[in-house]
Amino acid sequence: MKTSSAVVLFGVVASLGASLPHSRADRWKPSAPQRVAANDNRRPAGTIRDGKLELKLDVVNAQWFPEAESGPSVTMQAFAEAGRAPEIPGPMIRVPEGTEIHVTIHNSLPDSEVVVHGLHTRPAMRDDVVRIPAGATREVTFQSGPPGTYFYWATSTRKPLQYRVAKDSQLSGAIIVDPRVGPPPTDRTFVIGVYSDDPDSAAGRDPHPREIAVLNGKSWPYTERLTFTEGDTVAWRVINASPGPHPMHLHGFYFNAERSGVEGSDSALSVSAISRANTKLVLSGATMAIRFVPNKRGNWLFHCHLALHVDGMSTLQNVLKTRPMHEMERDHAKMNHGINEMAGLIIGIHVLPRGNLAAVANVPSRNLRLLIQSSPRGYSHKPAIGFVLQNGADPKRDSVMLPGPTLFLEKGRPVRITLVNRLKVPTAVHWHGMEIDSYPDGVAGWSGMPGKIAPVIQPADSFIAEFTPPRAGTFIYHSHVNELLQTNSGMYGALIVTDSAHRFDPRIDKIILVGGGGPGNIEARSTGMVNGTNAPQMELEAGTTYRLHIIQIHPQAMVIFRLGTDSTTARWTPVAKDGADLPLEQSTPRAATVLMGAGENGVFLYTPERPGLQKLNVQTRLAGWQIPVLVFVRPPKALAATKPD
């Protein structure tokens, strides 16, 4: 449904910037910091009467416990609904389409003006803001606009959303507009927030960045655990009110992205938009609505695939105390894998069985033996951690393949992969994007079912991952333990599943695998590598159509791929996303450029038209690293001369 500009103008602020009389403002009494309540976004705030929502909010200092309720805390700024405890994220505004929304906001901060964004009619033609001096009260009235996922946010530091990381970083709340008619909503809403505090950087010393990332005000393992039954339909809304992008990955299942938007607008995805995925990048200030069916029992995760936002060292303690890296890494090594080894943007999912397991066909398994080893000679002579696929004799103990060997499996044929850990530290391997049983999924201490939970692979021990690939496509395997060290250092590889309709021909199937080029940590980003080198090349033939399998598994990067010359961009046709074939209406020619977050991949058809030099430029979205893949396009081979009759 479109909203005309006249309607948008009609929904402007009725009393934007108007002070309340002193007698009303005096009702807001400052008090000692209250304790923040984590807001699960189940309860709409305010009261609706006769098609109008009345909501009173206060901006206060409050004590926030993003982990355990008995754990460390920090004083943060938070929204509080009148008569209720402060909440992170802020109280959810949820109304039917056509509702008039009236919000009264008081600023109880003693010495800071608060600027509130997002309290306006959608779609927004401009960013109307409400400025509230310390101790003052303002009112704003606006129309809900069309159905969608929106949000409001505030700052006391005059920072844009992309730089809001301090004590005001959790001043965000969801705005959900439902259709006028239809069944009662059963979806869930998750708001992403990130808090950072770096006194060293602020003081001009060497920076030691620390941050904690939360979903609905909590960090794993203290986030909400959700329980479903096989075959349920699950609908979620995700709001990224944090300063950075987040590639959100769902283990075990694909989801359909139905809507996407930003703070001021939201719309259903177009027919040509790529909607099916198991990993989707959500940029700062963006929203998405997804739907999926968890059809396999067991424990699963939905999480950000940036290692910094799920790493067990990203805790509030490490934000408040600038501890040296070696001390944090020592404590990290002692953690309970799967529970405390991770932290941050993670939601745990339990899927209960619905009936008995289906009988499994007795098909002989293919056996593979994958060794996990280390070498002092890795990328740029740095120590490396990686895989070796054993064929015959035992390989050298200090040998690794960088990146890991491409594994070729067959759809419908069981595989039995013995993972042998020859490292000095525990590890685990995740089969990223695969719709397999929970137990071999690779999250140590979590994957599986009660009574059968997958263990971490201890040094000098092994684990057998048994599964049957249910679909042909392009996938990834990588470490799911301390990815800043292990995945960055080389524990990643491509996984190709074939069938009669999806064969792999090395002549036309080209893998472009982007990953880390050495260990990284929360203070330093690993450089990038393409197919194990920083000087990759590819040779193609003019007139031949190729399948480019582009895989992005660098756990600390958002990567832009662009194919063409220095002055022109080529065209290609996407045919698959995250291992799933695209429907014809989404598989259409377009400019050969794509942005991918960690864990995303795609297959693109590309036909070079003429001989010459091209580049597949691979670079981080922001300042970081850039690697050009030189593409040498040679002339087509001459047709063989035919003999005269």
Side-chain angles (χ1 to χ4, degrees), residues 307 311 313 325-326 329-330 332-333 337 341 368-408 417-432 442 444 456-465 476-496 511-537 551-557 598 618 625 627 629:
D311 185 78
M313 288 187 284
M325 282 300 305
H326 73 271
E329 289 173 344
R330 180 197 63 206
H332 188 260
H337 296 275
E341 194 272 335
L368 299 176
R369 185 175 175 84
L370 199 58
L371 309 178
I372 306 165
Q373 304 190 150
S374 61
S375 171
R377 302 172 300 278
Y379 301 115
S380 303
H381 305 291
K382 300 173 185 176
I385 300 172
F387 297 98
V388 179
L389 185 60
Q390 183 173 352
N391 291 305
D394 197 10
K396 292 182 179 180
R397 294 295 181 109
D398 64 350
S399 65
V400 297
M401 188 172 181
L402 300 173
T406 299
L407 302 182
F408 291 96
I417 304 176
T418 301
L419 299 161
V420 181
N421 184 10
R422 290 180 172 173
L423 307 178
K424 295 180 181 180
V425 294
T427 191
V429 178
H430 172 50
W431 313 98
H432 184 105
V456 71
I457 312 174
Q458 296 289 352
D461 203 351
S462 62
F463 176 81
I464 298 176
I476 318 166
Y477 66 102
H478 63 85
S479 169
H480 214 282
V481 170
N482 193 2
E483 288 196 60
L484 286 168
L485 172 65
Q486 294 188 8
T487 302
N488 265 332
S489 296
M491 270 189 72
Y492 59 88
L495 193 158
I496 307 295
I511 294 175
I512 299 97
L513 175 57
V514 177
N521 56 49
I522 63 174
E523 294 183 357
R525 180 163 56 179
S526 172
T527 187
M529 291 287 172
V530 178
N531 292 348
T533 178
N534 56 13
Q537 298 182 6
I551 303 170
Q552 207 298 78
I553 194 56
H554 194 301
Q556 290 180 279
V618 181
W625 45 264
I627 300 174
V629 181

**Report entry** Between CG on residue L371 and CE on residue M401, distance to nearest 0.5 Å
**Finding:** 13.0 Å
Requested in this report: Check G378 against L402 and note the closest heavy-atom contact, atom names and distance.
Outcome: CA-CD1, 3.8 Å
Requested in this report: Report yes if some heavy atom in the side chain of R377 is under 4.5 Å from a heavy atom in the side chain of D398; otherwise report no.
Outcome: yes
Requested in this report: Would you confirm whether Q556, through its side chain, and G516, through its main-chain N or O, come within 3.5 Å as a donor-acceptor pair?
Outcome: no
Requested in this report: Using atom types as modelled and distance alone, determine if a side-chain donor or acceptor of N534 lies under 3.5 Å from a backbone N or O of I627.
Outcome: no
Query raised in the report: Can you check whether S462 reaches V420 side chain to side chain, under 4.5 Å on heavy atoms?
Result: yes
Requested in this report: Would you check if V456 and E341 make a side-chain contact, meaning some heavy-atom pair closer than 4.5 Å?
Outcome: no
Query raised in the report: What class does the angle between the rings of H480 and H478 fall in, given that below 30° is parallel, 30 to 60° is tilted and above 60° is perpendicular?
Result: parallel
Report task. Mind checking the CD1-NE2 spacing from I551 to H432? Nearest 0.5 Å is all I need. Result -> 10.0 Å
**Report entry** Separation of T418 OG1 from L370 CG (nearest 0.5 Å)
**Finding:** 9.5 Å
**Report entry** Nearest non-hydrogen partners of A428 and G442, listed with the distance
**Finding:** CB-O, 3.5 Å
Requested in this report: Without swapping roles, check the side chain of S479 against the backbone of T487 for a donor-acceptor pair under 3.5 Å.
Outcome: no
Requested in this report: Identify the heavy atoms of L389 and P405 that sit nearest to each other, and give their distance.
Outcome: CB-CG, 3.9 Å
Query raised in the report: Hey, what do you get for CG (N482) to CD1 (I385), rounding to the nearest 0.5 Å?
Result: 8.0 Å
Requested in this report: Give the intermediate values and the outcome of side-chain contact (heavy atoms from CB on, under 4.5 Å) for residues V530 and I512.
Outcome: CA-CA 7 Å; V530 178; I512 299 97; 3.8 Å; yes
Query raised in the report: Hey, mind stepping through Q458 and N421 against side-chain contact (heavy atoms from CB on, under 4.5 Å) and telling me if it holds?
Result: CA-CA 7 Å; Q458 296 289 352; N421 184 10; 5.6 Å; no
Report summary line: Closest heavy-atom pair, Y492 versus F387, reported as atoms and distance to 0.1 Å, is N-CE1, 3.6 Å
**Report entry** Stepwise side-chain contact (heavy atoms from CB on, under 4.5 Å) check, L423 with I457
**Finding:** CA-CA 10 Å; L423 307 178; I457 312 174; over 6 Å; no
**Report entry** Side-chain touch W625/V618, heavy atoms, less than 4.5 angstrom
**Finding:** yes
Requested in this report: Report the distance from atom CD1 of I511 to atom OG1 of T406, rounding to the nearest 0.5 Å.
Outcome: 4.0 Å
Query - Reported CZ-to-CG distance for the pair R369 and D394, which is rounded to 0.5 angstrom - result: 7.0 Å
Report summary line: Tightest non-hydrogen contact, residues M491 and V429, listed as CE-CG2, 4.2 Å
Query raised in the report: Does S526 reach the main-chain N or O of G518 with its side chain, forming a donor-acceptor pair under 3.5 Å?
Result: yes
Query raised in the report: Could you go step by step and tell me if Y477 and L419 meet the side-chain contact (heavy atoms from CB on, under 4.5 Å) rule?
Result: CA-CA 12 Å; Y477 66 102; L419 299 161; over 6 Å; no
Query raised in the report: Does V400 offer a backbone N or O that forms a donor-acceptor pair with the side chain of Q373 under 3.5 Å?
Result: no
Query - Listed partners of A307 passing side-chain contact (heavy atoms from CB on, under 4.5 Å), at least two apart - result: E483, L484, P555
Requested in this report: Measure across W431 and A465 and return the closest heavy-atom pair with its distance rounded to 0.1 Å.
Outcome: NE1-CB, 3.8 Å
Query raised in the report: Under the 3.5 angstrom rule, does the side chain of Q390 hit a backbone N or O of G392 as a donor-acceptor pair?
Result: yes
